[in-house]
Undergrad: 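Please see the structure below; I have some questions.
Because only heavy atoms are used, hydrogens play no part in the values below, and waters and symmetry mates are left out as well, while side chains stay in. To find a chain, count down the sequence lines: A is the first, B the second, and so on, and within it residues start at 1.
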Amino acid sequence: MTNELSFLPENSFLEFVTLLQEQLANEVNLNSLPCSKIKNISAVDVAYDSERSVAAAVIWNIRTRRVIEEVTCSDRVVFPYIPGFLALREGPAALKALRRVKHKVDLILFDGHGIAHPRAAGLATTMGILLHCPTIGIAKRLLVGEFSKDLPISPIRLNGKNVGYSFALGSNRRFYVSPGNMCSIEDIPRVMSLIGPNYPAVMRLADSAARKGLKGLENRTDSNIT
DNA sequence: GCGACAG
DNA sequence: ATCTTGTCGC
Ligand SMILES: [Mg+2]
């Protein structure tokens, strides 16, 4: 069996997780999301140093386009990054932050893919199923699949199916959006016009909040040592 | 076997 | 992801 795990010396654990992911994919809900019902969304991102992670959840009101809540929390790094298994590294920290969010959120954005994944079980899909809520994956690079550079908004094709969309930013850069859970392929362009239309500001805010939180940890440690 | 490979 | 300041370009 040659696959993305073959470089691992001992891969029985990831083979096991692969089976879990294949089962998860059967539970994904790709029904249309009522876009008119979306009031508040959250973006989640995680920053790391060698032993600590900081997850940030930024909650954003669609109508006012303003931040209404921000949560950060630190944790231990529990797993390395392995392509196809980002949820094992990022999921636990993201969950911890999301549990502290006070507002009701109608949609959660994750920094990574949803069903645009070898087993249709990316970070956004995994978290959406765990949380029983609508999620979307927003990635800066492609993991699997193909798209057309000729189209400003191109479908991402994987095994002959549409699994998301690639959005052009100017002429060179692109980002990639796929349903996580409780969201259809057709919803993706609709939602992006609501929260974008470019790379979502709330996603960037989560990214910078997580980094800022990590620096806060480092500085706190420095003063204790100094 | 080789190369690709979210963050 | 992370290491990192100023610098080139729209
Ligand atoms: Mg990130």
Undergrad: Would A:Y81 count as stacked on B:dG7 if the rule is ring centres under 5.5 Å and plane angle under 30°?
TA: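 Stacked: ring centres under 5.5 Å, planes under 30°.
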Undergrad: Please report, rounded to the nearest Å, how far the P atom of C:dC10 is from the CG atom of A:N198.
TA: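 That distance rounds to 18 Å.
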Undergrad: Just by distance, with hydrogens left out, do A:D187 and A:S32 show a side-chain donor and acceptor under 3.5 Å apart?
TA: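 Side-chain D/A pair, A:D187 to A:S32: present.
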Undergrad: Nearest whole Å is fine: how far is B:dC5 C1' from A:E146 CD?
TA: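 Atom CD in A:E146 sits about 15 Å away from atom C1' in B:dC5.
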Undergrad: Test your reading of the model: is there a side-chain donor-acceptor pair from A:D49 to the backbone of A:E51, 3.5 Å cut-off?
TA: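 Yes, A:D49 side chain to A:E51 backbone: donor-acceptor pair under 3.5 Å.
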Undergrad: Return the nearest nucleotide to the side chain of A:K140; candidates are B:dC5, C:dT2, C:dA1.
TA: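 From the listed options, C:dA1 comes nearest.
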Undergrad: Establish, with yes or no, whether the OP1 or OP2 oxygen of B:dA4 is under 4.0 angstrom from a side-chain nitrogen or oxygen of A:R141.
TA: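 Negative; the distance criterion is not met.
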Undergrad: Only stems of 3 or more consecutive Watson-Crick or G-U pairs count here, both distances under 3.5 Å; name the ones for DNA chain C, or none.
TA: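 For DNA chain C no paired stretch is long enough to count as a stem (3 pairs minimum).
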Undergrad: A:K102: which residues meet the salt bridge (Lys or Arg N to Asp or Glu O under 4.0 Å) condition with it, sequence neighbours left out?
TA: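 With neighbours one apart ignored, the set is empty.
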Undergrad: Is A:Q21 reaching over with its side chain to a backbone N or O of A:G84, donor-acceptor style, under 3.5 angstrom?
TA: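 Checked: pair present.
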Undergrad: Does anything in residues 183-191 of chain A come within less than 4.0 Å of DNA chain C? Heavy atoms only, and list the residues if so.
TA: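 Within residues 183-191 of chain A, no residue comes under 4.0 Å of DNA chain C.
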Undergrad: With heavy atoms under 4.0 Å as the rule, sort A:A47 into base, sugar-phosphate or nothing.
TA: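 Counting heavy atoms under 4.0 Å across all strands, the contact made by A:A47 is with sugar-phosphate only.
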Undergrad: Looking at CE of A:M182 and CG of A:L107, how far apart are the two atoms once the value is rounded to the nearest 0.5 Å?
TA: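 Result: 10.5 Å between the selected atoms.
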Undergrad: Could you check whether A:D49 gets within reach of a base, just the sugar-phosphate, or nothing at all, counting any heavy atom under 4.0 Å?
TA: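 A:D49: no heavy atom of the nucleic acid under 4.0 Å.
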Undergrad: Between atom CG in A:D45 and atom C1' in B:dA6, what is the gap in whole Å?
TA: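 Interatomic distance, CG of A:D45 to C1' of B:dA6: 11 Å.
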Undergrad: Starting at atom CD1 of A:I156, determine the distance to atom C1' of B:dA6, rounded to an integer number of angstrom.
TA: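 The distance from CD1 of A:I156 to C1' of B:dA6 comes to 11 Å, rounded to the nearest Å.
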Undergrad: Without decimals, in angstroms, what is the distance between A:H113 NE2 and B:dA4 C1'?
TA: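 Rounded to whole Å, this separation is 13 Å.
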Undergrad: Starting at CD1 of A:I108, measure out to CD1 of A:I41 and round the result to the nearest 0.5 Å.
TA: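 It is 10.5 Å, given to the nearest 0.5 Å.
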Undergrad: Which whole-number value in Å describes the distance from A:K215 NZ to C:dA1 C1'?
TA: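 That distance rounds to 14 Å.
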Undergrad: Do A:T135 side-chain atoms and A:A124 backbone N/O form a donor-acceptor pair below 3.5 Å?
TA: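 Indeed, once roles are kept as given, a pair shorter than 3.5 Å links the two residues.
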Undergrad: How close or far is atom C1' of B:dA6 from atom CG of A:L88, stated in whole angstroms?
TA: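 Distance check: A:L88 CG to B:dA6 C1' gives 13 Å.
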Undergrad: Just by distance, with hydrogens left out, do A:N29 and A:N181 show a side-chain donor and acceptor under 3.5 Å apart?
TA: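 On atom types as modelled, these side chains do not qualify, holding no pair under 3.5 Å.
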Undergrad: Scan A:L142 against the nucleic acid and name what it touches under 4.0 Å (heavy atoms): base, sugar-phosphate only, or nothing.
TA: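 Result for A:L142 = sugar-phosphate.
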Undergrad: For residues 92-141 of chain A, pull every pair meeting ring pair (Phe, Tyr, Trp, His ring centres under 6.0 Å), keeping only residues two or more places apart or in separate chains.
TA: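 The answer is none; no pair qualifies.
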Undergrad: Can you tell me how far C1' of B:dG7 sits from CG of A:L214, to the nearest Å?
TA: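 It is 14 Å, rounded to the nearest whole Å.
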Undergrad: Give the dot-bracket string for DNA chain B, reading 5' to 3', where a pair is Watson-Crick or G-U wobble with both distances under 3.5 Å, ( ) marks pairs inside the strand, [ ] marks pairs crossing earlier ones, | marks a partner on another strand, and . marks unpaired.
TA: .......
Undergrad: So, using ring-ring contact (aromatic ring centres under 6.0 Å, His included) as the criterion, who are the partners of A:F175 when residues are at least two apart?
TA: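 Scan of A:F175 (ring-ring contact (aromatic ring centres under 6.0 Å, His included), adjacent residues dropped) gives A:F167, A:Y199.
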Undergrad: Do A:F85 and A:F79 have ring centres separated by under 6.0 Å?
TA: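 Distance test on ring centres: not under 6.0 Å, no.
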Undergrad: Applying side-chain contact (heavy atoms from CB on, under 4.5 Å), run through A:L19 and A:E22 and close with a yes or a no.
TA: CA-CA 5 Å; A:L19 295 174; A:E22 290 169 355; 3.8 Å; yes
